[in-house]
**Student:** 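Could you have a look at this structure, given as structure tokens, before my questions?
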Amino acid sequence: MKLSVTTWNINSVRLRLDLVARHAAEVQPDVICLQETKCPNDRFPLKALKALGYEHIAFHGQKGYHGVATLSRLPFSATESMSFCGKDDARHLAVTFGPGAGAASGISIHNYYVPAGGDIPDPELNPRFAHKLAFLDELMRWSDRARPTATPSILVGDLNIAPYESDVWNHRALLNVVSHTPVETTRLEEWRQAAGYVDAVRHLTPEPEPVFTWWSYRSPDWAAANKGRRLDHVWLAPSLVPTLKGATVSKAARGWERPSDHAPVTVTLEL
DNA sequence: ATGGTTGTCATACAA
């Protein structure tokens, strides 16, 4: 069976319900993982999203900031959210599908929103950058504990790091810009390898082909300038890699009316 | 080197 999964930093789910609806209609993913819902749980637009065909929804939000949600056409059997660095930020949500989802032992999907890290790439001067590095260190320790897992898993989300040279519009210019500094990109690679995942987008579109998923609101002509970064990722357990049939960035969504600054990334598996 | 935009919540702050 086919399983398609979208990850999208929506930058307020209430403000952009119509964009979620449009993406759902055009791409028809089975699962949509959203980040930056910016919505407390008691204000989450559950009915409107169910009406799009996603009857099974897990959400974990807070007032004003962060927030993740996973929308699914297929039922899932368990949900879990982890907290990091002793904070109760809503930055993670996992759902587990039973064997009916295609894989014999079921599939888990982890949905992450990694801290952006502020502007100054120095943990001594910038507590938000220190928090980002500590968050990644904690993920690394968690990965070591969690392996090996019984159910194959998919990890998606806004990881707020562009790890490779062709994940940014200008590698040299961004080496000291938060999201592409070596201390971040090294940690991201170490985390991915420690957790045993394969980068799905780069598996199908290797370097040096540029791939971007985010374009700043501050760029007046974002499409022409194309000063993008690949901040949004889909990682697959090795056992799922042979099932990977496609990975697409819906760049057009960045040009829709009142867009998120992130574009949806969708992978399709044939299980 | 600097400033550029957006969302939330209601005045800065985070991204």
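In what follows, chains carry the letters A, B, and so on, assigned in the order in which the sequence lines appear, proteins first and then strands, with residues in each chain numbered from 1. No hydrogens, no waters, no symmetry mates; every other heavy atom, side chains included, goes into these values.
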**Student:** Not counting sequence neighbours, which residues clear ring pair (Phe, Tyr, Trp, His ring centres under 6.0 Å) with A/H203? List them please.
**Tutor:**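 Not a single residue meets the ring pair (Phe, Tyr, Trp, His ring centres under 6.0 Å) criterion with A/H203.
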**Student:** Which pairs count as salt bridge (charged side-chain N to carboxylate O under 4.0 Å, His left out) when at least one residue sits in residues 214-233 of chain A, sequence neighbours excluded?
**Tutor:**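 Of all non-adjacent pairs touching residues 214-233 of chain A, those that pass salt bridge (charged side-chain N to carboxylate O under 4.0 Å, His left out) are A/D167-A/R230, A/D199-A/R230.
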**Student:** In residues 172-184 of chain A, what residues come within less than 4.0 Å of DNA chain B, judged by heavy atoms?
**Tutor:**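 Contacts with DNA chain B under 4.0 Å: none.
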**Student:** Does any residue of residues 162-170 of chain A have a heavy atom under 4.0 Å from DNA chain B, and if so, which ones, in number order?
**Tutor:**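 Per residue number, the list is empty: none.
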**Student:** Thinking salt bridges, do A/R187 and A/E190 make one under a 4.0 Å N-O criterion?
**Tutor:**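 Looking at A/E190 together with A/R187, the answer is no, because their closest N to O distance does not fall below 4.0 Å.
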**Student:** Taking salt bridge (charged side-chain N to carboxylate O under 4.0 Å, His left out) as the cut-off, I'd like each qualifying pair that reaches into residues 73-82 of chain A, sequence neighbours left out, listed once.
**Tutor:**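 Passing the test, one end in residues 73-82 of chain A: A/D30-A/R73.
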**Student:** Under the rule for ring pair (Phe, Tyr, Trp, His ring centres under 6.0 Å), what residues qualify as partners of A/Y164, not counting sequence neighbours?
**Tutor:**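 For A/Y164, no residue satisfies ring pair (Phe, Tyr, Trp, His ring centres under 6.0 Å) once neighbours in sequence are set aside.
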**Student:** Which ILVMFWY residues are connected to A/W222, directly or by a chain of links, through side-chain heavy atoms under 4.5 Å apart?
**Tutor:**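 Via sub-4.5 Å side-chain contacts, A/W222 links to A/V168, A/W169, A/L174, A/V177, A/F212, A/W215.
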**Student:** When the P atoms of B/dT11 and B/dT6 are considered, how many whole Å apart are they?
**Tutor:**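 About 23 Å, rounded to a whole number of Å.
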**Student:** I need the full list of salt bridge (charged side-chain N to carboxylate O under 4.0 Å, His left out) pairs touching residues 88-103 of chain A, with sequence neighbours left out, sorted by first then second residue.
**Tutor:**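 As it turns out, the salt bridge (charged side-chain N to carboxylate O under 4.0 Å, His left out) pairs with a partner in residues 88-103 of chain A, which skip direct neighbours, are A/D89-A/R91.
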**Student:** Ignoring hydrogens and geometry beyond distance, is a side-chain donor-acceptor pair present between A/K245 and A/T243 at under 3.5 Å?
**Tutor:**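 Side chains of A/K245 and A/T243: no pair found under 3.5 Å.
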**Student:** Cluster partners of A/L15, using ILVMFWY side-chain heavy atoms under 4.5 angstrom, listed by chain and number?
**Tutor:**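 Under the 4.5 Å side-chain rule, A/L15 groups with nothing.
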**Student:** If the C1' atom of B/dG3 is compared with that of B/dT8, how far apart are they to the nearest Å?
**Tutor:**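 So the two C1' atoms sit 22 Å from each other.
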**Student:** For B/dA14 versus B/dC9, give the span between their C1' atoms, rounded off to a whole number of Å.
**Tutor:**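 Their C1' atoms lie roughly 12 Å apart.
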**Student:** Any pair with a residue in residues 168-186 of chain A that passes salt bridge (charged side-chain N to carboxylate O under 4.0 Å, His left out), sequence neighbours left out, goes on the list, sorted by first then second residue, please.
**Tutor:**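 Applying salt bridge (charged side-chain N to carboxylate O under 4.0 Å, His left out) to every pair that reaches into residues 168-186 of chain A, excluding sequence neighbours, yields A/K132-A/E184.
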**Student:** For nucleotides B/dT2 and B/dG7, find the distance between their P atoms and express it as a whole number of Å.
**Tutor:**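 To the nearest whole Å, 27 Å.
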**Student:** What integer number of Å spans the C1' atoms of B/dA12 and B/dA1?
**Tutor:**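 Those two atoms are separated by 25 Å.
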**Student:** Using a 4.0 Å heavy-atom cut-off, write out nucleotides 5-15 of chain B from 5' to 3' as B (base contacted by protein), S (sugar-phosphate only) or - (no contact).
**Tutor:** BSSSS----SB
**Student:** A/H131: which residues meet the ring pair (Phe, Tyr, Trp, His ring centres under 6.0 Å) condition with it, sequence neighbours left out?
**Tutor:**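 A/H131 satisfies ring pair (Phe, Tyr, Trp, His ring centres under 6.0 Å) with no other residue.
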